[in-house]
Amino acid sequence: MNLESIAVNILEPLGFEVLEIQVQNAQRSPIVVVRIDRLDEQPVTTEDLQLCSQTLGLEFDRLDPIKKEYRLEFESPGPKRPLKTVRHFERMLGLKAKVRSNIQNFTAPIKEVNGDLVTFDHGDEGITLRIGDFQANLAEFPDRHR
């Protein structure tokens with residue numbers, strides 16, 4: 001079982017979405033960074049981060065998925081939030097996203113979401129991509145919580 005599936009299994013029942021897990025400095029003293037959001041779409045609080053850290057920390061201690069000493073850190077989505085699901089794109093409609101695909105990389109506003117197709121306001125006609133065929137992160141911080 002990988003780190004992300006462990007985190008999802010533990011944190012989703014508590015009301016949290018695991019946006020991404022990164023293992024930094026893996027060769028020396030690993031830092032496991034877990035970026036979360038609330039499933040109810042409310043802002044992530046310090047208490048939320050503490051709860052997730054304590055709960056997932058206990059499960060990591062039990063399963064021991066990283067065989068050496070590591071540090072576990074939790075973060076709220078922040079200004080570079082990963083955009084992975086239809087709902088992520090719907091919530092951030094109109095904001096700029098940094099997009100990376102096999103075809104091209106660009107930064108452009110999210111213009112429209114139709115099913116699993118996202119259209120970006122880039123070029124004369126825009127660019128439409130299917131979720132799952134590209135990676136995207138928010139490229140600007142919203143003026144209010146979304």
Side-chain angles (χ1 to χ4, degrees), residues 1-57 59-60 63 65-66 68 70-146:
M1 190 176 262
N2 67 26
L3 295 177
E4 187 166 349
S5 18
I6 295 169
V8 167
N9 289 337
I10 295 300
L11 299 178
E12 269 193 4
L14 298 176
F16 298 97
E17 177 183 12
V18 177
L19 296 173
E20 69 182 345
I21 295 183
Q22 297 176 339
V23 179
Q24 301 170 351
N25 201 23
Q27 300 307 318
R28 292 187 221 133
S29 300
I31 302 168
V32 178
V33 181
V34 182
R35 188 167 287 134
I36 60 165
D37 201 2
R38 290 175 53 131
L39 291 172
D40 65 4
E41 298 183 1
Q42 294 301 305
V44 174
T45 66
T46 303
E47 292 79 15
D48 294 333
L49 297 171
Q50 290 173 335
L51 171 66
C52 289
S53 179
Q54 291 168 348
T55 306
L56 188 59
E59 185 68 0
F60 278 3
L63 296 174
I66 298 174
K68 56 183 168 179
Y70 63 93
R71 188 169 73 218
L72 181 61
E73 294 182 359
F74 275 79
E75 296 179 352
S76 62
K80 295 182 181 177
R81 107 186 333 269
L83 303 170
K84 296 182 175 184
T85 68
V86 170
R87 184 64 189 139
H88 293 166
F89 287 98
E90 289 172 344
R91 284 176 66 189
M92 301 305 157
L93 199 62
L95 296 178
K96 289 181 183 174
K98 183 177 182 177
V99 178
R100 295 165 306 288
S101 73
N102 291 337
I103 301 166
Q104 69 184 112
N105 300 330
F106 59 90
T107 299
I110 303 164
K111 183 177 179 179
E112 182 182 3
V113 180
N114 186 3
D116 65 349
L117 298 176
V118 181
T119 302
F120 298 92
D121 192 7
H122 185 72
D124 293 336
E125 297 179 23
I127 296 176
T128 300
L129 300 170
R130 184 173 310 282
I131 294 175
D133 292 346
F134 65 96
Q135 294 180 331
N137 290 76
L138 201 56
E140 67 177 311
F141 202 71
D143 58 352
R144 61 183 166 68
H145 180 75
R146 294 185 176 199

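The CD1 atom of Ile127 lies 8.5 Å from the CD1 atom of Ile103; values are rounded to the nearest 0.5 Å. In this structure, the separation between CG on Leu63 and CD1 on Ile6 is 5.0 Å, given to the nearest 0.5 Å. How far CD of Glu90 is from CG of Leu83: 12.0 Å, rounded to the nearest 0.5 Å. To the nearest 0.5 Å, atom CD of residue Gln22 and atom CD1 of residue Ile31 are 11.0 Å apart. Remark: Arg100 CZ to Thr107 OG1 distance equals 9.0 Å, nearest 0.5 Å. Of the inter-residue distances, the one linking Cys52 atom SG with Arg38 atom CZ reads 9.5 Å to the nearest 0.5 angstrom.
The shortest side-chain heavy-atom distance between Leu3 and Ile66 falls under the 4.5 Å cut-off. In this structure the side chain of Phe74 reaches within 4.5 angstrom of the side chain of Leu56, judged on heavy atoms. Between Arg146 and Leu95, the closest side-chain pair of non-hydrogen atoms falls below 4.5 Å. Using a 4.5 Å heavy-atom cutoff, the side chains of Arg91 and Arg81 are in contact. Between Val44 and Pro77, the closest side-chain pair of non-hydrogen atoms falls below 4.5 Å. Val118 is not listed as a side-chain neighbour of Leu129, based on a closest heavy-atom distance of 4.5 Å or more. Phe16 is not listed as a side-chain neighbour of Leu39, based on a closest heavy-atom distance of 4.5 Å or more.
Listed for the Ser53 side chain is no donor-acceptor partner under 3.5 Å among the backbone atoms of Leu49. A donor-acceptor pair under 3.5 Å is formed between the side chain of Glu140 and the backbone N or O of Lys96. Distance alone, capped at 3.5 Å, is enough to place a donor-acceptor pair between the Asn137 side chain and the Lys80 backbone. A donor-acceptor pair under 3.5 Å links the side-chain atoms of Lys68 to the main chain of Gln27, judged by distance alone.
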Derivation of the side-chain contact (heavy atoms from CB on, under 4.5 Å) call for Thr119 and Asn114: CA-CA 8 Å; Thr119 302; Asn114 186 3; over 6 Å; no

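Across every non-hydrogen atom of Ile131 and Lys84, the tightest pair is CG2-O, 3.1 Å. Pro82 approaches Leu19 most closely through the heavy-atom pair CG-CB, 3.9 Å. Taking all atoms of both residues into account, the shortest heavy-atom contact from Val23 to Pro30 is CG1-CB, 4.2 Å.
Residues satisfying the salt bridge (charged side-chain N to carboxylate O under 4.0 Å, His left out) test with Glu75, not counting sequence neighbours, are Arg35. Applying the ring pair (Phe, Tyr, Trp, His ring centres under 6.0 Å) criterion to Phe89, with sequence neighbours excluded, gives Phe134.
Evaluation of the side chain to side chain donor-acceptor pair (under 3.5 Å) test over residues 7-19, restricted to residues two or more places apart or in two chains, returns Glu17-His88.
Within 6.0 Å of atom CG in Asn2, more than 12 heavy atoms from other residues, nucleotides or ligands are found, so the atom counts as buried in its surroundings.
Between Asp37 and Arg87 there is no salt bridge, since none of the side-chain N atoms of the basic residue sits less than 4.0 Å from a carboxylate O of the acidic one.
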